[in-house]
Amino acid sequence: MKTNRNLHNIFIWLHHVICKYDKHLYLFILLSAISNCISIIAVALIPKFLLSIIQQEQKFTSIMITLSVYGVILLVNGFLNNYTREYSEAKYMKIRLSIIEENGEMFMKLPYSTIESSDFMDLCQKGHAALRGSEQGFHAVLTNISLFCGHVLTCIISFLYVSSYASYLLGLIVIIVLINRFIQYKQKEREKAIRDEMVSENRQADYYYEVMSDFSYGKEIRMYSFADWVERKLNTALSGIRSKKRIIYRNDLISGFILKGLVFIQENIVYLVFIIATLAGKIDIGSFLSYIGLITSFSVAFNSLLEDSVQIRYHSMFVQDLIEYRKVLETLIQENKKIECQLDKSDWKIEFENVSFRYPNRKECALKNVSFTVEKGQKIALIGLNGAGKTTIIKLMTRLYDVDEGRILFNHVDIRNIDREQYYRLFAPMFQEVFLFAFSVSENIAMNYKDLVDREKVMRYLSDVKMVDQVKALKNGLDTSCLKILDNEGCQFSGGEEQRFLLARTLYKDSDIFIFDEPTAALDPIIEDQIYQEFNRFTYGKTTFYITHRLASTRFCDRIFVFSQGRLLEEGTHDELMALKGEYCSLYELQSKHYSVKC
């Protein structure tokens, strides 16, 4: 009952999708069904038709005219069949690609915390499986629905013709075919369950293969000699996939053997009945041929009809996954569109009020009861050892994650009540991870369409981060592709150069709040000193957050927050914290020993 209800809901969803993209598709599905039926019935009746012409001893000219008319009808029907099938298939593909595009747009709007969830990514994998090609899921359901309609018409016409003489044979065929279909349906159910178990292993195998083939991992794999280790992980995942596929193949073999045996019994009974009837003079040779043709057509059509229904049910399970995935996407996006106020950026502050947070599947809190206030225009340094909670502060402040306890206020308004996209525009972050896209240099800096890039502005910020000479030296300048993934003439930059590109990207956005998470970690000390001297000029009048381990860069900050094990330990200016003789003072003096070493 639940399966039928799900199938009903799936058909309603498919109807809405078809109406949204092309209502005329129903007409072509109907025409395709009719032309399929004509093709099958015509092939079944043509032997009797030809035999009757010969027995009537008509003139050769009359026979040729009759055959020509018959041939033209078949030719036109064949053209109609091909046209409707190709049109429908093209439309199925267009709709499938449109849904993929929609899913991609929705996925890009999801909260960052969602896409880090392994459970959600498994659901995502299932949803994508329904759109992976024409042989599975959404496309396959529509194709089989069209075939189903044609086979229904063929069964009705064949039944009306044959039932006048041997209706009991049709009953026998129906029983045998139903047994066959039941066996196949159960096999498909088992196969879907096994494939669901393979989702996690498939995702692992995809990741390990990406690591093995991705250029960006190449240096570490070779220098640390862990190619065998990655290969073993891939083989472990593939071994699990292979063992489950062997179960599927074994079940297919057993069910296939049973199905072939039942079909063999059915065909022998049908031939035996009509041979006896012909020998007894109850039917002539022409009727024998037409009955055999039509009962074969009925058997094939009914068998195909049930095969279509099995395939529809099987691929509908993938479509159900797609529907559930899209519902989750739409729900999450709708939650993110919650707007209770407009941003007032005239004179604002950010407040953390007793904020606590724990990452999913972690026992320990990353932040514990943290409270502080940042005024507009202040420059803030976040200091602490690895794991102290510095980056978590930024993730919560930028709403990549939402707090578990407490709240974060922007100008006295809980940031969870502000439209996420509107809120994102406040920030120009530069995170620890360095990511360049396989786009041109200008597009990587502006993060916009090539035609909308302010090239003068790009060059100005490239100059500020000491990269303008390197870009001018490139063959295509700002139009040079970063990386070689999509362009063989693309350029692979060093780690320090990539980090400077990201600095230029952050400055180009020119938002109200700048965030620099270890902004100079990959730079040499000379470039680092030059860039820090320029930061005050770049971010004049802007609120700026620095996450850094190099405490020499904190002296120009208005305030310094010192974190340890998820708690805010100290807060103040450089001089105030040095006078406090606490954690900050200890860390600063430890680092200053290295800075004061003389040559």
Less than 4.5 Å apart, side chain to side chain, heavy atoms only: is that true for [X] and [Y]?
X: Phe427; Y: Ile394; result: no
X: Thr506; Y: Tyr461; result: no
X: Trp348; Y: Phe410; result: yes
X: Val17; Y: Ile99; result: yes

Among residues at least two apart in sequence or on other chains, which ones pass side chain to side chain donor-acceptor pair (under 3.5 Å) with [X]?
X: Lys20; result: Glu102
X: Ser371; result: Asn354
X: Ser440; result: Ser442, Glu443
X: Thr114; result: none

Residues in side chain to side chain contact (heavy atoms under 4.5 Å, CB included) with [X], at least two apart?
X: Leu97; value: Met93, Ile100
X: Ala130; value: Phe318, Leu322
X: Met447; value: Phe437, Arg505

Are there over 12 heavy-atom neighbours, none belonging to Tyr424, within less than 6.0 Å of that residue's OH?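 Enclosed: over 12 neighbouring heavy atoms sit under 6.0 Å from OH of Tyr424.
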
ring-ring contact (aromatic ring centres under 6.0 Å, His included) filter on His139, not counting sequence neighbours, yields Tyr92

Determine, for Tyr508 and Lys457, whether the Lys NZ or Arg CZ falls below 6.0 Å from the six-membered ring centre while staying within 45 degrees of the axis. yes

Worksheet entry | Salt-bridge present (Arg460, Asp464; N to O < 4.0 Å) |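 Judged by the 4.0 Å cut-off on N to carboxylate O distance, Arg460 and Asp464 do not form a salt bridge.
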
Any salt bridge linking Asp512 with Arg425? Criterion: basic side-chain nitrogen under 4.0 Å from a carboxylate oxygen. no

Check: [X] side chain, [Y] main-chain N or O, donor-acceptor pair, under 3.5 Å:
X: Thr573; Y: Glu576; value: yes
X: Ser316; Y: Val319; value: no
X: Ser356; Y: Asn369; value: yes
X: Glu497; Y: Ser494; value: yes

> salt bridge (charged side-chain N to carboxylate O under 4.0 Å, His left out): which pairs involve residues 352-375, sequence neighbours left out?
Replying inline: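 As it turns out, the salt bridge (charged side-chain N to carboxylate O under 4.0 Å, His left out) pairs with a partner in residues 352-375, which skip direct neighbours, are Glu353-Arg407.
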
Residue pairs passing the salt bridge (charged side-chain N to carboxylate O under 4.0 Å, His left out) test where at least one lies in residues 472-481, sequence neighbours excluded: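 For residues 472-481: Lys450-Asp479, Arg455-Asp479, Lys475-Glu489.
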
**Item:** Sequence neighbours excluded, every pair satisfying ring-ring contact (aromatic ring centres under 6.0 Å, His included) that has a member inside residues 368-388
**Value:**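 For residues 368-388, and leaving out neighbouring residues, the ring-ring contact (aromatic ring centres under 6.0 Å, His included) pairs sorted by first residue read Phe352-Phe372, Phe372-Phe561.
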
Give every donor-acceptor pair under 3.5 Å between a side-chain atom in residues 122-129 and any protein atom, sequence neighbours left out.
unit_1: Asp122; atom_1: OD1; unit_2: Arg203; atom_2: NE; d: 3.0
unit_1: Asp122; atom_1: OD1; unit_2: Arg203; atom_2: NH2; d: 2.8

- Query: How about Phe501 and Phe493: are their ring centres within less than 6.0 Å of each other?
  - Reply: yes

Next on the checklist: Over 60° means perpendicular and under 30° means parallel, so tell me whether Phe138 and Trp13 are parallel, tilted or perpendicular.
Outcome noted: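 It falls in the perpendicular class, over 60°.
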
- Identify the heavy atoms of Lys395 and Thr398 that sit nearest to each other, and give their distance.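 Result for this residue pair: O-OG1, 3.4 Å.
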
